[in-house]
Trainee: 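If you scroll down you'll find the structure; I have some questions about it.
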Amino acid sequence: MKMMLIAGARPNFMKIASLIEAIKTYNDTAKTPIYHILVHTGQHYDAQMSQAFFHDLGLPLPDIDLEVGSASHALQTAKIMQQFEPVLLAHCPDVVVVVGDVNSTLACALVAAKITYPLPAQRSRPLVAHVEAGLRSFDRYMPEEVNRMVTDALADILFVTEESAAENLQREGIPAEKMYFVGNTMVDTLLKHQRQAETSTILSRLGLHNYPYAVVTLHRPSNVDQRGTLQEIFEGLSVIAQHLPIIFPVHPRTMDRIKDFQLGQYCAFISPHTAVEVDRASICCLEPLGYLDFLCLMSHAKLVLTDSGGIQEETTMLGIPCITLRDSTERPITVTHGTNVLVGSRKEAIIHHALSQLHQPVALHRPRLWDGRAGERIIEILSHHVFHNTAKRITNMLASALAMS
Ligand code: UD1
C-alpha cells in the first residue's frame with residue numbers, strides 16, 4: 001500500500017508523527033507493508049516553525065517539499081494545489097492522508113479528490129482520508145472552519161477525535177460508514193514525548209524552576225490583526241503579569257502585528273537560548289519554541305492563555321487550566337471534560353477568569369479514546385480500506401475480462 005501523508009503547518013507535524021510511528025509498528029508484523037511518502041507543502045518554513053518540530057519529533061525529512069511559503073489564502077491554497085497535482089500524478093498513492101484544518105489540508109484534499117490517475121490498472125484516484133474531521137466552531141469567519149467543512153465534504157474516510165465531531169458530520173449528511181471515532185493523534189504524540197520533554201532545559205534557561213508562571217500563545221487573525229483587540233488583550237495580560245510572570249513564545253504573524261501596531265511597550269523581549277532571569281512582572285516575549293521545550297513549559301505552568309486549538313487539547317491532557325481567548329471552540333470536549341474555559345478577548349473577562357483559575361483545583365478527566373493509540377487505529381482502518389478496494393478492483397477487472405472472452 002502506498003500512502004501519501006501531507007504536512008504543511010506547525011500543528012500538522014505532531015499529528016503526522018503519530019501516523020508515521022503507527023506505520024512503523026504496523027510494518028513490523030504486516031504481510032503487506034505500507035510505503036509512505038511524506039509531503040511538506042512549505043506553508044510553514046521558518047526553522048522554529050518547521051525544522052525544529054521535525055528534529056524534536058524524530059520525523060524523517062520530507063520526501064517532497066513544495067516550498068510554497070506565505071501568501072494570501074487564495075494564493076497559498078492555489079500554489080499548493082498547483083504544485084501538489086504533478087506530485088500526486090507521479091506517485092499515484094492508494095491513499096492521501098490530510099490532517100487538521102490548515103490551508104494545506106484543504107488544498108491537497110481538493111486535488112486528490114478530483115485527480116484521475118493515468119494508468120487504468122491503478123485506482124482511478126486515491127482515497128482521501130481526513131484526520132481530525134468533524135470539528136466545528138460554527139464561525140465561518142475562521143479560515144479553519146471553511147477548510148474543515150470543505151475537506152470533510154470531500155473526504156472518503158473521516159477520523160474523529162470526539163463524539164461531537166461525529167454528530168456534526170451526521171448533521172451535514174456524511175454517511176456513518178465513512179466515519180471512525182479513533183481518538184486523538186495530537187495526544188498520541190504528547191504521551192509519547194512527555195518524559196523526553198522533562199529533559200528540556202527551558203525552565204532553567206528562563207530561571208523558572210519551582211516558580212509559578214503563565215504561558216501565552218496568540219495567533220488567530222481575529223485576536224491579532226486588529227490593533228484595538230490586540231492592545232486590549234495586552235492590557236489584560238499586563239494585569240495578570242502583576243501576579244505571575246507571563247512567558248509568551250510569539251508566532252511570526254503576531255510579532256509582525258506587535259511591530260506594525262507599535263505595541264512593543266507591553267513586551268519584554270528575551271532570548272530562550274541564553275540564561276536569563278525573567279522579569280517577574282512582565283510579559284516575556286520570545287521566539288516560537290520547539291515541541292519539547294514548549295511541552296515542558298506548558299506542563300509546569302500554573303495557567304495557559306491561548307487561542308490555539310491544539311493547546312486546548314494538550315492542556316486538557318496535562319490537567320493545566322486553559323483560558324481560551326475566543327468566543328467559540330471546535331473542541332467542546334475540552335470545556336465539558338477538560339480544563340478549558342472560553343473567555344473571549346475582552347480584558348475584564350481575561351483578567352477575571354485567569355485570576356480565579358489560579359486558585360481552583362483542577363480535576364483530570366481524560367476524554368474517551370485519548371489513550372495514545374489513535375494513530376494505530378487509523379493505520380489499521382486504512383489498511384483494511386485499501387485491501388478491500390484493491391480486492392474489489394481486481395474482481396471487477398477479472399469479471400470484465402471474462403465477459404469479453
Ligand atoms: C496557520 C493556520 C492555522 C494554524 C497556524 C498554526 C491556516 C489558514 N492557518 O496560521 O490554522 O493554527 O498556522 O501556527 O492554514 N510566517 C512566518 N514563518 C513561517 C510561517 C508563517 O514568518 O514559517 C508568517 C508570515 O508572515 C505569514 C504569517 O506568519 O504571512 C501567517 O502564516 P500562515 O501560514 O498564513 O497562517 P498562520 O497564522 O501561521
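Order of appearance sets the numbers: ligands from 1, and atoms from 1 within every ligand. Owing to the predicted nature of the structure, the values given are computational and were not obtained by experimental measurement.
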Trainee: Is the gap between the ring centers of Phe13 and His55 under 6.0 Å?
Mentor: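 When the ring centroids of Phe13 and His55 are compared, they turn out to be at least 6.0 Å apart.
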Trainee: Check each heavy atom of Ser104 against ligand 1 and say whether those closer than 4.0 Å belong to the side chain, the backbone, both or neither.
Mentor: neither
Trainee: Short list, please: which atoms of ligand 1 are under 4.0 Å from a heavy atom of His251?
Mentor: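 Those of ligand 1 that fall under 4.0 Å from His251 are 14 (O), 29 (O), 37 (P), 38 (O), 39 (O).
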Trainee: Starting from atom 18 (N) of ligand 1, locate the nearest protein heavy atom and write down its residue, its atom name and how far away it is, to 0.1 Å.
Mentor: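 For atom 18 (N) of ligand 1, the nearest protein heavy atom comes out as Asp46 OD2, 2.9 Å.
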Trainee: Under a 4.0 Å threshold between the charged nitrogen and the carboxylate oxygen, would Lys24 count as salt-bridged to Glu21?
Mentor: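 Answer for the salt bridge query: yes.
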Trainee: Hey, looking at atom 7 (C) of ligand 1, which of His44, Glu145, Gln43 has the closest heavy atom?
Mentor: Gln43
Trainee: For the pair Arg368 and Glu162, find out whether any cationic side-chain nitrogen is under 4.0 Å from an anionic carboxylate oxygen.
Mentor: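 Judged by the 4.0 Å cut-off on N to carboxylate O distance, Arg368 and Glu162 do not form a salt bridge.
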Trainee: Is the centre of the Phe159 ring less than 6.0 Å from the centre of the His130 ring?
Mentor: no
Trainee: Can you check whether Asn147 has an N/O within less than 3.5 Å of an N/O in ligand 1?
Mentor: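 Not met; the criterion fails.
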Trainee: Among side-chain atoms of Asn147 and Thr105, is any donor-acceptor pair under 3.5 angstrom?
Mentor: no
Trainee: Which protein non-hydrogen atom lies closest to atom 21 (C) of ligand 1, naming both residue and atom, and how far is it?
Mentor: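 In this structure, atom 21 (C) of ligand 1 has Ser70 OG, 3.8 Å as its nearest protein heavy atom.
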Trainee: Should the proximity of Met49 to ligand 1, defined as any heavy atom under 4.0 Å, be assigned to the side chain, the backbone, both, or neither?
Mentor: side chain
Trainee: Of the protein's non-hydrogen atoms, which lies at the shortest distance from atom 2 (C) of ligand 1, and what is that distance?
Mentor: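 Checking every protein heavy atom, the shortest distance to atom 2 (C) of ligand 1 gives Val102 CG1, 3.7 Å.
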Trainee: For atom 17 (C) of ligand 1, what is the closest protein heavy atom, and at what distance to 0.1 Å?
Mentor: Tyr45 OH, 3.3 Å
Trainee: Hey, are Arg257 and Asp225 close enough for a salt bridge, meaning a charged N less than 4.0 Å from a carboxylate O?
Mentor: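 Yes, Arg257 and Asp225 are salt-bridged.
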Trainee: Given Pro143, Gly8, Gly309, Pro11, which one has a non-hydrogen atom that is nearest to atom 6 (C) of ligand 1?
Mentor: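 Shortest heavy-atom distance from atom 6 (C) of ligand 1: Pro11.
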Trainee: Among side-chain atoms of Arg220 and Asn223, is any donor-acceptor pair under 3.5 angstrom?
Mentor: no
Trainee: For a ring pair (Phe, Tyr, Trp, His ring centres under 6.0 Å) check, start with the C-alpha distance between Tyr213 and His300, then their side-chain angles and the critical distance, and finish with the verdict.
Mentor: CA-CA 8 Å; Tyr213 61 90; His300 294 274; 7.9 Å; no
Trainee: Would you mind listing which atoms of ligand 1 come within a distance below 4.0 Å of any non-hydrogen atom of Asp256?
Mentor: 26 (O)
Trainee: What about His73: any of its N or O atoms under 3.5 Å from an N or O on ligand 1?
Mentor: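 No, His73 has no N/O under 3.5 Å of an N/O on ligand 1.
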Trainee: Any side-chain donor-acceptor pair under 3.5 Å between Gln43 and Ser104?
Mentor: yes
Trainee: Assess, by modelled atom type and distance only, whether the side chains of Glu145 and Ser137 contain a donor and an acceptor separated by less than 3.5 Å.
Mentor: yes
Trainee: Give the atom numbers and elements of ligand 1 that come within less than 4.0 Å of a heavy atom of Pro252.
Mentor: 16 (N), 17 (C), 18 (N), 22 (O), 24 (C)
Trainee: Who gets closest to atom 36 (O) of ligand 1 by heavy atom: Met255, Arg253, His219?
Mentor: Arg253
Trainee: Going by the closest heavy atom to atom 3 (C) of ligand 1, which one wins out of Arg148, Glu144, Gln48, Met142?
Mentor: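 Closest candidate by heavy-atom distance is Glu144.
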